[in-house]
Amino acid sequence: MHPLSVIREQLRPLFEEYVDDPAPYLEMVRPAQDSKFGDFQANFAMPLAKQLGKNPRDLATEFVDKIKLDDVCESMEVAGPGFINFKFKSDWLTAQLGTMQADERLSVPVAESPRTIIVDYSAPNVAKPMHVGHLRSTVIGNTICRIVNFLGHKVYGDNHLGDWGTQFGMIIYGYKNFLNRESFEQAPVDELARLYKLVNQLSEFHDLNRKIPELQAKIESLSAQLTEQEEKADPKDKQARKALGKIKNDIATLKQDLLSAEDKVSAVTASPELLAQANGYPDIARLAREETAKLHKGDEENLALWKQFLPLCIAAIDEVYGRLGVQFDLVLGESYFQPFLQEVVDDLKQKGMAQQSQGAICVFHDQNEAPFIVQKTDGAFTYATTDLATIRYRVEELKADSILYVVDARQSEHFKLLFETAAKWGYDEIDLRHISFGTVLGDDKRPFKTRSGDTVGLESLIEESIQRARQIVNEGDDAKPSPELDETMRQRVAEMVGVGAIKYADLRHNRESDYVFNWTKMLATNGDTATYIQYAYARICGIFREVDADREALREGDGAVVFTHDAERALGLQLLRFAETIESVVNDYRPNILTAWLFETANAFTTFYGNCHVKNEPDAAIKKSRLILCDLTARVIDQGLALMGIQTSDKM
RNA sequence: GCCCCGGUAGCUCAGCUGGAUAGAGCAUCGGUCUUCUAAACCGAGGGUCGCAGGUUCGAAUCCUGCCCGGGGUGCCA
C-alpha cells in the first residue's frame, strides 16, 4: 500500500461516527503543498466541522487523538484553521523502500477487480497520409492502454480506421481517371495519396467556384447593412454597438473564407495542367461520391480496388506506428461494421427511437436541437450509425465494461449524443467516456501547419525530430573529453530522444488544453522534457558502471536504505509515490500527472546526486543504501517512461 | 441565435474539482567542472489568476453579468 493510502485507510473507519460516505473527505488527504508542513496533509476538518457545527480545530484534534499511526508517522499536527499535517517516520519509509526494491512491480498493485476496457484511439483516415492531427490521439491513447494494461485490466487498444468513407470513392475515381501507372508500381501509396489530393482539389475547385460569388454577395450585403446601421445607430446604445461588432466579425470571417477559397482556386488556375483537368471533369465531386456509393453497394470492380488499396494504405500507416512504437490489439475499421448498420437503424426505428425528419432518419434528444442522424436522405449511413454498431459489438462480443474514446474535443457533441443514444438503446451499464484533447498549435497560435499552409505529415515530423536529436547527440558527445558513443549508438539515442521528445511534449500538457508545438523547447536538455529524464537515467547507469555494481544482486541482497541526508529522504518519499501517481493518472486519464511526477523524480534525483556521493562514500552500508536508491530511481524512470512508450538508454 | 472550451509571470504551461504565502520550465541576471555524465547544479528577480459583482471561515477554482479568443451547431468524420 502506498503511503497516501496507508493514511487514508487508517482514517476511513474514524469517519463512521460522523458521516455515511467518507470518500470525499478521504480525497482531501493529499501530498503536503509545502514540505515544511510535512509529507501529507488532510484538509477535511474544515468542511466536516462546518457540516457538524463543530470547531474545525477541535475536530481535527479529535481525529489526531484517534488515529493509530504511531508505527508510521513521526508526527501528526493540527495547524492553521484545522489542517492535519502528517510526517512519516524515516524507518517506516526505508522499510517501504525495501519492499519496493524487492517488487518487480515497484509496489504498484494490480487492480482488485480487473475490467475489460476498450481504448478507441488514433483512427486515421487510411486514404490519406497521417499528419499532426493524429498525433495526440495516438500518443495519449497508447499511453492509456499501456497504463491500464500495467494495472492488470483486460485492454483492447482498437484502431477504428476510417476505411470506408468518401475518401475511398475519391481514390477509386482518381485511380480510374488519373492514374500514373508507373508511379503506382513504384510507390503505390504515394500515388494513391496524390490521387486523393488531386480529386479532392479538383472537387473543391468547382465547389469553391460556385461559393465565391455567394461569399462576395454575402460580404457586400453585410457591408451595406453595416454602413446603414452605423449611420442610424445610437453610439450609446450598447445592444446596437454589440450588433455592429457582430456584423464586423462576421464580415471578417467571411473575408477569410473568401481569401482561402480564392487561394485554392488560383492554385488550380495557376497550373495549366490542373486547370485542364478541372475543366475536363466538371462533375468530379458527384462522380467520386458515386464511386463511394457503388463501393458500398458491393460493386465488384470497386470492391476489388478497395481490397487492393486497403492493405497498401494500412502498411503505410503501420510504418508510422512502428516508428512511434505503437501497437494495437484490434484494428476494426468502419468497413468491419458495415454489414450491421441496416440492422442498427431498423432496431432504432422499431424501438421508436429513430424517426424520419427532412428525409433523414434521426434520433432526437430532449436537450438537443441537433438530431443524431443515423441514415442520410440518400440512404447512406453515417459515423453515428457505425459508432452505435461498434458499441454493440464491443459490449456483446468483447464484453467491454468501459470504452474510452480518445478523440478531439471538437467532437464532444457527437459523443454526448452517441452516449445518450446508446444508453436509451439499452447500453446503459457500460462506462462510455470521451477522453477529449485540444489542438496542436503553431507559433501563430493557429493549428500547426507548414509554412505553405499544408498539414504537417506525421512521418516527416518524426523524421525531423530524430534529425534534430541526432544533432544534439553529436554535439553532446563530441564535447566530451573522449566521445563514448559509436555511430550505431548515436543513432539509437537520437531515435529515442527524438521520438521521446514528441511524445513527452504532447503528454505533459493537460490533454484538454491546446498547446503550442515548439522544437527547441521539446528537445531541450534542461527542463521538463523527455531528454532531461532520459539523461537522469543514463547518469544513474553511469554510476553503476563506475562502481561496478550488480543491480540484480543488489535487489536480492541484504542491504537496506538509510537516510543520512535530506535529499535521500526526499528522493525516497518521491519514489514511494509512484503507485499513488499511477492511481491518479487513471482516475481521469491524465498522463500529464505522470510526466509531472517523473520530472519531479528526476529533479529529486539530481539533488541527491549533487549532495550524496556514491562512489566515494566510505561507509559500506550508506554506499549500498545509495545504490539501492539509484537502482529504484532508474527502475521507476524506466517503467514510467515505458508507460508512455518512451525508451531509455544507459549511455547518452 | 444556441451550445462547448479557454483567458494564470516576458514566453510555454501546471494548479489534483473550495484550503495555508498561486507553482514549474524556458528566457533574464548572478554563481558552480582536480571528485560517479556541465545534456548538469545552486541562487535572485518577475503576478490585479480577463473585468465586475456574489456565495463563505476561506475563491484561480463555485454562481451571475460583461469583455476577449477558439471551436461546434441537420445529412463529412
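Excluded from the calculations below are hydrogen atoms, water molecules and symmetry mates; all remaining heavy atoms, backbone and side chain alike, are included. Chain A is the first sequence line, chain B the second, and so forth, proteins listed ahead of strands; every chain is numbered from 1. Please read all numbers here as calculations on a predicted model, not as lab measurements.
Remark: A/Lys449 engages no residue in a salt bridge (charged side-chain N to carboxylate O under 4.0 Å, His left out) (not counting sequence neighbours). A/Ser584 meets the side-chain hydrogen bond (donor to acceptor under 3.5 Å, both in side chains) test with no other residue; sequence neighbours excluded. Partners of A/Ser203 under the side-chain hydrogen bond (donor to acceptor under 3.5 Å, both in side chains) rule, at least two apart in sequence or in another chain, do not exist in this structure. Take A/Glu204 and apply the salt bridge (charged side-chain N to carboxylate O under 4.0 Å, His left out) test, not counting sequence neighbours, and it matches A/Lys264. Applying the salt bridge (charged side-chain N to carboxylate O under 4.0 Å, His left out) rule to A/Asp650 yields no partners; only residues at least two apart in sequence or on another chain are considered.
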Its contact letters, B for base, S for sugar-phosphate only and - for none at protein heavy atoms under 4.0 Å, make nucleotides 38-45 of chain B read SBSSS---

B/S/- along nucleotides 71-77 of chain B (protein heavy atoms under 4.0 Å) is SS-BBSB

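Taking atom P in both B/rC4 and B/rG10, the straight-line distance is 32 Å, to the nearest Å. Here the separation of B/rU21 from B/rC66, taken at their P atoms, is 33 Å to the nearest Å. Only the C1' atoms considered, B/rC16 is 25 Å distant from B/rC11, to the nearest whole Å. Nucleotides B/rG31 and B/rC36 have their C1' atoms positioned 23 Å apart, rounded to a whole Å. Nucleotides B/rG43 and B/rG25 place their P atoms 10 Å apart, quoted to the nearest Å.
Checking each of A/Phe83, A/Tyr25, A/Phe44 against A/Phe63 for a ring-ring contact (aromatic ring centres under 6.0 Å, His included) leaves exactly one that passes, namely A/Phe44.
If you measure from atom CD1 of A/Ile593 to atom C1' of B/rA14, you get 11 Å, rounded to the nearest angstrom.
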Nucleotide N/O of nucleotides 10-13 of chain B paired with protein N/O under 3.5 Å:
unit_1 : atom_1 : unit_2   : atom_2 : d
B/rU12 : OP1    : A/Lys445 : NZ     : 3.0
B/rU12 : O4'    : A/Lys521 : NZ     : 3.2
B/rC13 : OP1    : A/Val516 : N      : 2.6

So which protein nitrogen or oxygen atoms get under 3.5 Å of nucleotides 58-62 of chain B's nitrogens or oxygens?
none

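Within the structure, ring-ring contact (aromatic ring centres under 6.0 Å, His included) pairs that include any residue of residues 528-550 of chain A comprise A/Tyr532-A/Phe599 (at least two apart or interchain).
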Worked check of ring pair (Phe, Tyr, Trp, His ring centres under 6.0 Å) between A/His160 and A/Phe337: CA-CA 10 Å; A/His160 194 68; A/Phe337 298 96; 5.7 Å; yes

Under 3.5 Å donor-acceptor pairs involving side-chain atoms of residues 411-419 of chain A, not counting sequence neighbours:
unit_1   : atom_1 : unit_2   : atom_2 : d
A/Ser412 : OG     : A/Ala409 : O      : 3.2
A/Glu413 : OE2    : A/Asn368 : ND2    : 3.3
A/His414 : ND1    : A/Tyr383 : OH     : 3.4
A/His414 : NE2    : A/Asp387 : OD2    : 2.7
A/Lys416 : NZ     : A/Asn368 : OD1    : 2.7

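Atom OH of residue A/Tyr504 and atom CG of residue A/Leu594 lie 8.0 Å apart, to the nearest 0.5 angstrom.
Taking the six-membered ring where the residue is Trp, A/Phe517 and A/Trp519 present perpendicular rings, their angle passing 60° and hence far from 30°.
Across all strands shown, A/Asn85 has heavy atoms under 4.0 Å from base atoms, whether or not it also approaches the sugar-phosphate.
In RNA chain B, runs of at least 3 consecutive Watson-Crick or G-U pairs, each pair with both distances below 3.5 Å, span B:1-7 with B:67-73, B:10-13 with B:23-26, B:28-32 with B:40-44, B:50-54 with B:62-66.
Judged by distance alone, the side chains of A/His365 and A/Glu420 do bring a donor and an acceptor atom under 3.5 Å apart.
Cation-pi geometry between A/Arg539 and A/Tyr609 is satisfied (NZ or CZ under 6.0 Å from the ring centre, within 45° of the ring normal).
Once the 5.5 Å centre distance and the 30° plane angle are applied, the aromatic ring of A/Phe83 is found not to be stacked with the base of B/rG19.
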